[in-house]
Protein chains: 2
Amino acid sequence: MSEKKRLILNLFEMNTPSHITHGLWRLDGNQRERFNDIDYWIELAQLLEGGGFDGIFLADVVGTYDTFRGGPETALREGMQIPSNDPLLLVPAMAAVTKRLGFGVTFSTTYEPPFAFARRMSTLDHLTKGRIGWNIVTSYLPNAAKNFGLDNEVPHDQRYAIADEYLHVLYKLWEGSWDDDAVLRDRERGVYTDPSKVRYIDHVGEHFRVKGPHLAEPSLQRTPVLFQATGSPAGIAFAGRHAEVVFTGGRSVADFQKNALAMREGAIAQGREGSDIKFIVQAGIVVGRTEEEAADKWRRYREHTSLEGILAHMSLPIDLPAFPRDTPLREVPGAERFAASEDDTVGSALDRIVAGREDRFFVAGTPKVVADEIELWLDEAGIDGINLRQYHSFDTARDFADLVVPELRRRGRLRDEDEAPQTLRERLFDRGARLPENHIGTRYRGGAHFDEPVPTLALV
Amino acid sequence: MSEKKRLILNLFEMNTPSHITHGLWRLDGNQRERFNDIDYWIELAQLLEGGGFDGIFLADVVGTYDTFRGGPETALREGMQIPSNDPLLLVPAMAAVTKRLGFGVTFSTTYEPPFAFARRMSTLDHLTKGRIGWNIVTSYLPNAAKNFGLDNEVPHDQRYAIADEYLHVLYKLWEGSWDDDAVLRDRERGVYTDPSKVRYIDHVGEHFRVKGPHLAEPSLQRTPVLFQATGSPAGIAFAGRHAEVVFTGGRSVADFQKNALAMREGAIAQGREGSDIKFIVQAGIVVGRTEEEAADKWRRYREHTSLEGILAHMSLPIDLPAFPRDTPLREVPGAERFAASEDDTVGSALDRIVAGREDRFFVAGTPKVVADEIELWLDEAGIDGINLRQYHSFDTARDFADLVVPELRRRGRLRDEDEAPQTLRERLFDRGARLPENHIGTRYRGGAHFDEPVPTLALV
């Protein structure tokens with residue numbers, strides 16, 4: 001009997017009151033408004049590690065959603081991704097109290113220089129002893145561009161072209177600038193580092209010029225585990241080259257499978273194996289000791305859900321809630337595209353929008369029902385893991401840890417909790433701590449290819 | 001009897017093997033080569049807080065010293081500020097295990113965008129519960145410029161002009177973008193933030209364009225305690241406007257006093273009080289239970305000191321050690337400026353260079369002798385505190401905590417260790433957590449002056 005596929009289990013989080021479950025910060029006992037407090041993150045990290053999670057996946061944006069109703073008011077009122085704090089700075093506090101938990105942090109390649117970011121990630125890989133992953137994003141909020149001196153967003157495909165060069169700069173710093181045997185710490189001879197094993201990268205490209213050398217010495221993973229959240233054609237091409245774990249969705253399982261297939265083909269075109277990319281999806285899971293308990297929870301979550309928060313998050317270009325629910329959509333200027341039928345109303349359109357924000361992977365039920373659904377997604381849909389949607393802090397994580405994890409463990413679906421601490425890459429891929437040899441990032445090892453142009457990547 | 005001036009006691013540190021005491025990483029028992037390890041920083045933070053220190057002051061550079069002998073080889077061999085990791089990321093790990101210790105972190109205004117930095121510092125102020133300070137620098141290494149896409153350093157005075165605008169952008173974000181009563185967390189009404197109390201900053205200046213709003217909600221201090229390390233004319237003018245604590249030196253006590261006076265005058269010209277700026281100097285302190293023990297330690301430190309490390313750190317433009325020590329300086333091309341007399345030699349010039357790198361404030365002796373010297377510097381020279389030079393990790397901090405701190409406490413020269421945790425600004429200034437009203441950063445409170453040009457600052 002072949003070994004069962006084991007679930008990658010992450011909690012999906014963000015350093016803000018309302019990440020994706022808008023309105024739910026108001027639930028009794030929800031700790032979200034403690035997000036400024038270091039103890040919130042320490043308690044959460046301990047809960048996750050003790051509860052069998054592989055990692056915490058931290059989203060981020062560097063601007064405000066200020067399109068809905070032409071301003072940031074709704075986002076502010078809802079605590080919807082504002083106020084928000086830096087995600088990278090949470091990691092050392094959580095690393096200080098854990099040994100195994102992985103950290104996926106989001107950072108955009110569009111606005112900040114690669115040299116400083118390269119050192120930050122090396123620092124985190126050192127401080128976590130190799131437990132850091134990076135969720136590569138290129139940013140999409142118009143307000144973010146304006147916070148960094150631009151008039152407007154960089155066009156989508158150009159952002160990916162910049163990101164591709166950004167990654168090559170990072171690979172040169174992380175993989176090529178220092179050899180593994182560079183640091184000697186030889187007290188007798190008084191040699192900390194052998195200078196012949198360290199080099200400038202002298203990168204001169206279309207978007208970046210970076211001299212080097214990298215400031216940090218090689219960390220356990222060197223390059224953090226490369227996560228990417230995407231579904232767009234340019235993003236899929238980019239993922240084929242760079243991503244090790246893709247966080248993706250789609251309107252249906254068939255959609256997800258189509259995307260995954262395209263990325264695996266992209267990987268193969270880049271000289272990688274199709275299996276070198278793992279896929280995680282967002283999962284909404286509400287578990288109870290009984291069906292009734294789960295249903296009650298889910299009812300409570302729905303009742304507290306904020307339509308306003310969802311619409312601001314979607315950057316809805318029209319203020320639908322300003323109209324009575326029974327208004328025919330055809331009477332609302334610009335609302336035609338939300339109509340499902342000739343006599344559709346504002347109310348039914350809003351209901352569809354809210355429903356459409358729920359996860360494809362959704363289940364409410366007992367631990368057995370939940371575990372069955374997880375196994376279906378692993379074995380039939382072909383995913384490798386989930387980012388667990390957090391309805392309530394810390395109930396969502398605690399319920400999952402207390403009720404679902406033991407069931408998944410019985411079924412051999414989780415990674416061991418008693419094995420020696422290891423790097424995040426080792427944990428997720430059951431192989432070495434470093435990028436595999438067939439990944440493009442490794443071409444710069446030993447300083448090779450430093451003086452060649454970045455290989456062209458067709459961004460479809 | 002008037003109250004005695006109490007010492008600001010910081011340990012001077014850097015996230016690197018060899019910060020300023022070059023060669024000493026080789027000392028028996030020195031822990032410096034553990035700098036990549038989170039436990040090094042956790043142990044150090046606990047030692048400092050338990051030992052009566054006010055703070056840890058973290059230096060940083062974002063490039064390599066590659067001028068001496070035309071390359072980075074010496075710096076690498078010596079572990080001289082390379083390898084080095086990001087300093088900000090150490091703070092959350094140390095904050096997780098302390099309640100009172102302050103953190104002064106170095107960050108340069110020259111290469112990275114203010115919007116992201118503003119959020120990082122707000123995040124740290126939240127995570128530390130108001131214990132963060134920022135050491136404002138503008139960077140000086142040619143290699144740093146080349147790591148951020150420039151051909152060469154930005155000229156010194158222009159760096160300060162950029163820094164001045166940078167600070168105004170930060171003040172708008174930290175002080176003006178959110179009102180104190182903006183965040184309501186009103187679960188009943190479903191209002192996290194009152195949108196009428198948050199605003200764009202819409203900064204459009206010579207060097208920066210930043211829309212806002214700030215992403216972080218107000219933290220305990222809002223603006224971190226503003227440290228500055230300077231002695232140059234432009235730096236002194238800048239300090240008069242911005243700095244709350246200046247880390248400065250000079251070739252003599254008279255020099256220091258002249259600089260301090262100029263900065264106090266600058267402060268007064270900016271509408272502040274002369275006493276609004278506090279001064280700290282670097283102090284080399286070697287303490288022993290007996291004079292002999294102190295002398296032995298100091299002998300050991302001198303014996304392990306690396307001339308090579310010092311010369312690379314100085315960016316010495318000529319390779320003096322390549323010549324025999326008895327070579328007359330006049331026979332070394334370009335060495336005239338190091339000559340003290342007509343028949344000076346390479347050896348005596350090198351001895352003078354090494355001696356010149358020692359601190360003006362240096363004392364080796366028993367706790368009583370050390371405390372006497374500290375009192376002299378506080379009361380006669382007029383300093384407010386020290387950044388303690390670290391010869392050995394953790395002996396330097398532990399010796400000071402075990403031997404000198406009890407003596408200083410007996411003399412009423414330290415801040416209380418049993419008082420309730422407070423912000424760094426409260427601790428250092430015995431007044432509120434926020435910038436005082438007469439500081440220029442407060443002019444933006446409530447969104448005032450957002451649309452006016454930054455007031456001109458004459459950078460002498």
Side-chain angles (χ1 to χ4, degrees), chain A residues 15 17-18 23 25-26 33 36-38 42 62 64 72-73 76-79 82-86 88-93 95-97 111-113 115-116 119-120 122-124 126-127 143 146-149 183 185 187 190-193 195 198 208-213 215-217 219 306, chain B residues 15 17-18 23 25-26 33 36-38 42 62 64 72-73 76-79 82-86 88-93 95-97 111-113 115-116 119-120 122-124 126-127 143 146-149 183 185 187 190-193 195 198 208-213 215-217 219 306:
Chain A
N15 200 347
S18 194
W25 64 271
R26 301 169 299 166
E33 56 189 58
N36 289 309
D37 185 348
I38 195 169
I42 288 175
V62 286
T64 299
E73 288 77 11
L76 284 162
R77 202 175 295 113
E78 297 286 330
I82 184 171
S84 86
N85 296 330
D86 185 273
L88 274 69
L89 289 163
L90 298 177
V91 174
V97 298
Y111 304 118
E112 296 192 69
F115 185 80
R119 188 168 68 144
R120 291 192 180 109
S122 293
T123 303
L124 288 179
H126 280 301
L127 292 177
N143 177 256
K146 293 172 189 164
N147 289 328
F148 292 88
V183 177
R185 300 189 188 92
R187 292 185 182 216
V191 179
Y192 200 90
T193 300
V198 181
F208 302 104
R209 287 173 53 206
V210 181
K211 176 84 179 167
L215 291 177
E217 66 181 83
S219 59
S306 165
Chain B
N15 200 348
S18 194
W25 63 272
R26 299 170 300 165
E33 56 188 58
N36 289 310
D37 185 348
I38 194 169
I42 288 175
V62 286
T64 299
E73 288 76 11
L76 284 162
R77 202 174 294 114
E78 297 286 330
I82 184 170
S84 87
N85 295 329
D86 185 274
L88 274 71
L89 290 163
L90 298 178
V91 173
V97 298
Y111 304 118
E112 296 191 69
F115 185 80
R119 187 168 68 143
R120 290 192 182 110
S122 294
T123 303
L124 288 179
H126 280 301
L127 292 178
N143 177 256
K146 293 173 190 164
N147 289 329
F148 291 89
V183 177
R185 299 189 188 92
R187 291 184 182 217
V191 179
Y192 199 89
T193 300
V198 180
F208 302 104
R209 288 173 55 206
V210 181
K211 176 84 180 169
L215 291 177
E217 67 180 83
S219 59
S306 165

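We name chains A, B, ... by the order of the sequence lines, and we start the count at 1 in each one.
- Between chain A and the residues B/I42, B/V91, B/I82, the most heavy-atom pairs under 4.5 angstrom are made by B/I82.
- Only the side chain of A/P113 has a heavy atom closer than 4.5 Å to any heavy atom of chain B.
- Residue with the most contacts toward chain B among A/G212, A/S84, A/G23, A/S18: A/S84 (heavy-atom pairs, distance under 4.5 Å).
- A/K211 meets the salt bridge (charged side-chain N to carboxylate O under 4.0 Å, His left out) test with A/D202; sequence neighbours excluded.
- The residue among A/K146, A/E112, A/R77 with the most heavy atom pairs within less than 4.5 Å of chain B is A/R77.
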Subject >> Derivation of the side-chain contact (heavy atoms from CB on, under 4.5 Å) call for A/L127 and B/L90 >> reply: CA-CA 8 Å; A/L127 292 177; B/L90 298 178; 4.0 Å; yes
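- Ranked by non-hydrogen atom pairs under 4.5 Å with chain A, the options B/G149, B/A95, B/S219 are led by B/G149.
- Using a 4.0 Å cut-off between a side-chain N of Lys or Arg and a carboxylate O of Asp or Glu, A/E78 and A/R26 do not qualify as a salt bridge.
- A donor-acceptor pair is defined here as one N or O able to donate and one able to accept, closer than 3.5 Å; no such pair exists between the side chain of A/H126 and the backbone of A/A216.
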Original post:
What do the steps show when you test A/Y192 against A/R187 for side-chain contact (heavy atoms from CB on, under 4.5 Å), and what is the final call?
Top reply: CA-CA 8 Å; A/Y192 200 90; A/R187 292 185 182 216; over 6 Å; no
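- Residues satisfying the ring-ring contact (aromatic ring centres under 6.0 Å, His included) criterion with A/F148, sequence neighbours excluded, are A/Y111, B/F115.
- By number of non-hydrogen pairs under 4.5 angstrom with chain A, the leading residue of B/S306, B/G190, B/A96 is B/G190.
- Counting heavy-atom pairs under 4.5 Å between each of B/V210, B/D86, B/I38, B/N147 and chain A puts B/N147 at the top.
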